[in-house]
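Have a look at the structure below, then the notes.
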Amino acid sequence: MIKNIPNRISDKELMAHIDNVCPRKIDFLYLRMDFRTGRNAGYAFVNFITVQDLMHFAKAKLGEKWNMVLSEKVLQMSYADYQGKKALVGKFRNSCIIDKQLSWQPKIFYSDGPKQGLPEPFPEPTRLRAYPGRK
């Protein structure tokens, strides 16, 4: 997880920030949004394709101030309960977040080959999601 993200940063800005250090080296990104305010909640689930990519990014950015907005926050990272693209997709594919606006949804990217790092279609849900009022 990337943490301590200034809440004005969008998923596209976060992706650009990562790409400045590790271009096309992640295969999952979900910037958690606050549905009430429309701003991010300060953390993102990010899966780097290799441990070396993760370490390269961490060495370059961990503990640095975010240089894209006026903020005193410094980038922090931690392990999430879910590790790896497959586990993260499994966690979110049946989530109600998939019904929110596209910019708030998790994004996946190809993990290898000539399309590595380019957007990949998110898998369809494996079950119906529960909605208020549905029985």
Side-chain angles (χ1 to χ4, degrees):
M1 291 179 69
I2 296 179
K3 298 168 62 175
N4 218 24
I5 301 169
N7 66 2
R8 293 182 306 260
I9 290 178
S10 70
D11 62 341
K12 289 179 184 177
E13 291 168 319
L14 178 58
M15 184 73 184
H17 191 71
I18 295 167
D19 278 347
N20 283 335
V21 177
C22 296
R24 296 172 60 170
K25 298 295 184 177
I26 66 169
D27 56 12
F28 185 93
L29 173 74
Y30 172 51
L31 178 61
R32 175 68 170 91
M33 299 301 291
D34 180 327
F35 305 142
R36 188 179 48 79
T37 66
R39 293 185 175 199
N40 80 60
Y43 64 94
F45 293 90
V46 178
N47 191 67
F48 288 84
I49 295 171
T50 68
V51 172
Q52 292 81 7
D53 299 328
L54 166 66
M55 296 306 295
H56 178 69
F57 181 80
K59 286 178 184 175
K61 295 294 182 181
L62 191 60
E64 283 192 3
K65 286 185 181 179
W66 293 87
N67 62 3
M68 51 210 316
V69 294
L70 293 175
S71 175
E72 292 299 312
K73 290 184 174 185
V74 296
L75 188 144
Q76 296 177 353
M77 297 174 77
S78 69
Y79 287 101
D81 290 339
Y82 293 86
Q83 294 291 312
K85 180 181 179 180
K86 183 177 179 179
L88 288 162
V89 167
K91 174 177 175 46
F92 291 106
R93 78 186 300 178
N94 293 309
S95 168
C96 66
I97 190 63
I98 299 301
D99 299 321
K100 301 294 182 185
Q101 63 188 53
L102 187 60
S103 64
W104 293 3
Q105 295 176 12
K107 313 286 188 289
I108 60 172
F109 309 91
Y110 290 98
S111 303
D112 54 25
K115 292 184 176 182
Q116 179 180 311
L118 297 177
E120 180 180 357
F122 205 85
E124 293 293 319
T126 57
R127 58 183 163 79
L128 290 175
R129 290 180 295 281
Y131 292 94
R134 180 183 285 171
K135 298 191 183 210

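Throughout, residue positions are numbered sequentially from 1 according to the sequence presented. Every value quoted in this text rests on a predicted model; they were computed, and no experiment measured them.
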| said: Side chains of P123 and I108, heavy atoms from C-beta outward: is any pair under 4.5 Å? | reply: yes
| said: My understanding is that only one of I2, D11, V46 makes a side chain to side chain contact (heavy atoms under 4.5 Å, CB included) with L31; could you say which? | reply: D11
| note | Apart from V51 itself, members of its ILVMFWY cluster (side-chain separation under 4.5 Å) are M55
| query | With under 30° as parallel and over 60° as perpendicular, where do the rings of F92 and F28 fit, or are they tilted in between? | reply | parallel
| field | L118, CG atom: more than 12 neighbouring heavy atoms under 6.0 Å | value | yes
| Does anything in residues 18-27 pair up under side chain to side chain donor-acceptor pair (under 3.5 Å), and if so which pairs, sequence neighbours excluded? | D27-N47, D27-S111
| task | Look at the side-chain heavy atoms of Ile, Leu, Val, Met, Phe, Trp and Tyr, link any pair under 4.5 Å apart, and say whether M15 and F57 land in one connected group. | result | yes
| query | What are the two closest heavy atoms between C22 and H56, and how far apart are they? | reply | SG-CD2, 3.4 Å
| message | Tell me if a side-chain donor or acceptor on Q105 pairs with a main-chain N or O of I98 at a distance below 3.5 Å. | response | yes
| Closest heavy-atom contact between E120 and F109? | OE1-O, 3.3 Å
| message | Please tell me whether F122 and I49 are part of a single hydrophobic cluster in this structure, the criterion being side-chain heavy atoms less than 4.5 Å apart. | response | no
| task | Taking atom types as modelled, find out whether T126 and N94 have a side-chain donor-acceptor pair closer than 3.5 angstrom. | result | yes
| request: Work out which heavy atom in K61 is nearest to a heavy atom in L75; give both atom names and the distance. | output: O-CB, 3.7 Å
| Just checking, R39 and F35: is the charged tip under 6.0 Å from the six-membered ring centre and within 45° of the axis? | no
| Would you find a donor on one side and an acceptor on the other, under 3.5 Å apart, between the side chain of W66 and the backbone of N4? | yes
| query | Quick one: does S78's side chain get under 4.5 Å of M1's, heavy atoms only? | reply | yes
| said: Taking the side chain as everything from C-beta on, heavy atoms only, tell me whether D81 gets closer than 4.5 Å to K91. | reply: no
| request: Check for a donor-acceptor pair, side chain of Q116 on one end and backbone N or O of G113 on the other, with a separation under 3.5 Å. | output: no
| message | Could you tell me if the side chain of H17 sits less than 4.5 Å from the side chain of M68, heavy atoms only? | response | yes
| task | Decide whether I26 and Y110 are clustered together by the hydrophobic rule: side chain heavy atoms of Ile, Leu, Val, Met, Phe, Trp, Tyr closer than 4.5 Å, transitively. | result | no
| query | So which heavy atom on A60 is nearest to which on V21, and how close? | reply | CB-CG1, 3.7 Å
| message | Starting from L54, can I reach L62 by hopping between I/L/V/M/F/W/Y residues whose side chains sit under 4.5 Å apart? | response | yes
| request: Could you tell me how the ring of F45 sits relative to the ring of Y30: parallel (under 30°), tilted (30 to 60°) or perpendicular (over 60°)? | output: parallel
| Is R8 reaching over with its side chain to a backbone N or O of N40, donor-acceptor style, under 3.5 angstrom? | no
| task | Take V69 and I9 through the side chain to side chain contact (heavy atoms under 4.5 Å, CB included) test and state the conclusion after the steps. | result | CA-CA 8 Å; V69 294; I9 290 178; 4.2 Å; yes
| said: I'd like to know whether CD of E64 has more than 12 heavy-atom contacts from other residues, nucleotides or ligands below 6.0 angstrom. | reply: yes
| task | Find the distance between CD (Q83) and CG (L88) and round it off to the nearest 0.5 Å. | result | 7.5 Å
| query | For the residue pair S71 and K65, what are the closest heavy atoms and their distance? | reply | O-CD, 4.2 Å
